[in-house]
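Here's the structure we're looking at; comments come further down.
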Amino acid sequence: MTDCIFCRVGRGASPSWKVYENDKVYAFLDINPATRYHTLVIPKAHYTNIFDIAEEDLKEVITVVQKIARLYREKLGMEDIQIISNTGAAAQQTVFHIHFHIVPRSTTDGQDIHWVTHREWRGEFNDMLEKLR
Ligand code: 5GP
Ligand code: ZN
């Protein structure tokens with residue numbers, strides 16, 4: 001896929017609310033924001049997700065993520081931010097052009113991401129790590 005919706009946004013062929021742009025990276029407001037200033041940061045080049053993005057482009061993207069986090073802190077006083085990159089359909093990726101969500105958070109924003117956790121799996125940790133060797 002070389003002409004997905006985020007490819008078009010990144011080269012200005014689809015309208016978007018631009019936050020920041022340089023040669024390699026484009027940042028814009030999410031059309032369905034979870035909180036105010038919910039932002040997406042993408043490479044202009046097409047990559048599906050963390051598995052295929054070139055290391056150099058990943059560095060460029062994450063540097064812009066930091067730049068925007070600092071911008072929001074400086075201009076808007078936002079100190080609490082979630083940075084999320086869903087990878088694969090089961091991980092709730094819906095647009096298959098890699099993107100990092102920047103979601104400013106506050107205690108009054110009405111959002112609550114809550115994982116069900118499994119402390120009972122600690123007994124499997126050694127076996128799990130063995131599979132990586
Ligand atoms: P994902 O679910 O893949 O992690 O996130 C995709 C995000 O892209 C969603 O939050 C969705 O609202 C946003 N999105 C999808 N299409 C567009 C679009 O055309 N413009 C903008 N600004 N955001 C989009
Ligand atoms: Zn694309």
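Every number for a ligand or one of its atoms is a count from 1 in the order of the listing. Quick note: numbers below take in every heavy atom, side chains included, and nothing from hydrogens, waters or symmetry partners.
Contacts of ligand 1 (protein heavy-atom distance under 4.0 Å) are Ile5, Phe6, Phe28, Leu29, Asp30, Ile31, Asn32, Leu40, Asn86, Gln92, Gln93, Thr94, Val95, His99, His101.
Rounding to 10 degrees, one finds that the Zn ion (ligand 2) sits at the corner of an angle of 120° between Cys4 SG and Cys7 SG.
Within the structure, salt bridge (Lys or Arg N to Asp or Glu O under 4.0 Å) pairs that include any residue of residues 44-68 comprise Glu21-Lys44, Glu55-Lys59, Glu56-Lys59 (at least two apart or interchain).
Classified by interplanar angle (parallel below 30°, tilted 30° to 60°, perpendicular above 60°), the ring pair His38/His101 is tilted.
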**Request:** Go through the steps to decide whether Val19 and Tyr37 satisfy the test side-chain contact (heavy atoms from CB on, under 4.5 Å), and finish with yes or no.
**Result:** CA-CA 9 Å; Val19 172; Tyr37 292 95; over 6 Å; no

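For CZ of Phe51, the number of neighbouring non-hydrogen atoms (other residues, nucleotides, ligands) closer than 6.0 Å is 12 at most.
Of all N, O or S atoms in His46, the one lying closest to the Zn ion (ligand 2) is ND1. Nearest N/O/S atom of His97 with respect to the Zn ion (ligand 2) is recorded as ND1.
Put simply, the side chain of Phe6 reaches to within 4.5 Å of the side chain of Leu40, judged on heavy atoms. Here the side chains of Pro43 and His97 are in contact, with some heavy-atom distance below 4.5 Å.
In this model, a donor atom of one side chain and an acceptor atom of the other lie less than 3.5 Å apart for Tyr26 and Ser16.
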